[in-house]
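Notes to accompany the following structure.
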Amino acid sequence: MAHSHDSTEPLLGNGRPNTARLLISCADRRGIVAAVSRFLFEHGANILDADQHSTDPSGGTFFMRMEFHLEGLDLGRRELEHAFATTVAEQFAMEWRIAYASRPKRVALLVSREEHCLLDLLWRWRSGDLDAEIGLVVSNHRDAERDVESFGVPFVHVPVRRESKAQAEGEILGHLNGPHGPFELIVLARYMQILSGDFLAAASAPLINIHHSFLPAFAGADPYRRASERGVKIIGATAHYVTEELDAGPIIEQDVAHVSHRDSVADLVRIGRDIERTVLARAVARHLADRVLVHENKTVVF
Ligand SMILES: Nc1nc2c(c(=O)[nH]1)N[C@@H](CN(C=O)c1ccc(C(=O)N[C@@H](CCC(=O)O)C(=O)O)cc1)CN2
């Protein structure tokens, strides 16, 4: 549908909510909520959900998420965005974007050998609990091939060897930006290859990784063995956006579980699997709902 001003139905023909999400960050000052609310009101939008946060009311950074109904809007999408840019965003020097809920976001998954996070996301997607369109799984191993294809999702095997990583990354990018794509989110569901800065720059979408430790503790490879050697009493998992620096990207979601001296490394791995898949699913769901704002390597999760 080219223009939302003729979206007079609460639900679209595909049964999806006829809503949009406006995300804003800017220097905090008085009048921002009033200006945004007034703008939406004057253009016929009905605000369904509003949340905001200021890091410091005396001059910090202001974050806002407004979800609003497009029914009754007097402008099409392009006109609405232009009007907001010129009448509100410029006034407050906002960084902002509007995301539309008219269709699910297309998602690609990358995995190595551990399948629990991958299968969890596929199960949630198949049951309708994950608002996404999973369009491709890429792996450097073939272990998951049959399971993935049983979900009707294309599977591509791209082996990665240390001496030819750049070539493998180019092949993966070819699939992500090729006929299966484009994608709006790439999820590393226990993908165990460090991605180059060139790859991240060329990737067409943000990437979310699940790291199997409570970052910043035990970043890098083999965290459960290192945690066991340290004698930890808590293990955890961290979902974060992927940056060139390993396991250092903005954290989206974390959780933990208690362990003891009675737990072997294998026990930590087993206990950790449930944490990892739950944390990753929460992080992906919040990203898909446009509930995550990134600022200075941290996130605001509405
Ligand atoms: N640029 C980034 N790439 C990746 C990130 C990241 O944050 N930034 N997260 C990792 C996932 N990960 C931990 O969560 C991780 C994966 C792999 C390794 C590692 O040392 N891999 C070795 C090869 C290991 C093997 O071949 O089995 C390597 O790539 O040299 C550490 C941490 C995903 N990528």
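Numbers for residues simply follow the sequence, beginning at 1. Start at 1 and go down the list; that is how both ligands and their atoms are numbered.
Proximity of a side-chain donor or acceptor of Thr299 to a complementary backbone N or O of Val301 within less than 3.5 Å is not detected. At least one donor-acceptor pair closer than 3.5 Å links the side chain of Asp263 to the backbone N or O of Ser260.
The protein atom (non-hydrogen) at minimum distance from atom 14 (O) of ligand 1 is His211 ND1, 2.8 Å. For atom 22 (C) of ligand 1, the closest heavy atom belonging to the protein is Met192 O, 4.2 Å. Scanning the protein for heavy atoms near atom 11 (C) of ligand 1, the closest one is Asn209 OD1, 3.4 Å. Distance from atom 34 (N) of ligand 1 to its nearest protein heavy atom, with residue and atom name: Gln193 O, 2.8 Å. Looking only at heavy atoms of the protein, atom 7 (O) of ligand 1 is closest to Asp247 N, 2.8 Å.
Residue Leu188 has no N or O atom closer than 3.5 Å to an N or O atom of ligand 1. Of the polar atoms of Thr243, at least one N or O is found under 3.5 Å from an N or O of ligand 1, judged by distance alone. Ligand 1 has a nitrogen or oxygen under 3.5 angstrom from a nitrogen or oxygen of Lys165. The shortest N or O to N or O distance between Tyr191 and ligand 1 is not under 3.5 Å. Where the criterion is an N or O separation shorter than 3.5 Å, residue side chain and backbone included, Leu246 fails it with respect to ligand 1.
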Kindly indicate, with the supporting measurements, whether the criterion side chain to side chain contact (heavy atoms under 4.5 Å, CB included) is fulfilled by Phe84 and Ile24.
-> CA-CA 11 Å; Phe84 183 78; Ile24 296 167; 3.8 Å; yes

Determine, step by step, whether Glu184 and Arg106 satisfy the salt bridge (Lys or Arg N to Asp or Glu O under 4.0 Å) criterion, reporting the C-alpha distance in whole Å, the side-chain angles of both residues, the deciding distance to 0.1 Å, and the verdict.
-> CA-CA 5 Å; Glu184 293 151 282; Arg106 285 186 59 76; over 6 Å; no

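Residue contact annotation: Ile210 has a non-hydrogen atom under 4.0 Å from ligand 1. Contact between Arg190 and ligand 1 is absent, with no heavy atom of the residue lying under 4.0 Å from the ligand.
At a cut-off of 3.5 Å, with distance as the only test, no side-chain donor of His141 or Ser139 sits close to an acceptor on the other residue. With 3.5 Å as the limit, one finds no donor-acceptor pair spanning the side chains of Asp147 and Ser150.
Of the heavy atoms in Glu244, only backbone atoms (N, CA, C, O) come closer than 4.0 Å to ligand 1. The backbone and the side chain of Leu195 each have at least one atom closer than 4.0 Å to an atom of ligand 1 (non-hydrogen atoms only).
Between Val137 and Val111 the shortest side-chain heavy-atom distance falls below 4.5 Å.
In this structure, Arg21 forms no cation-pi arrangement with Tyr100, as its terminal cationic atom is not both closer than 6.0 Å to the ring centre and no more than 45° off the ring axis.
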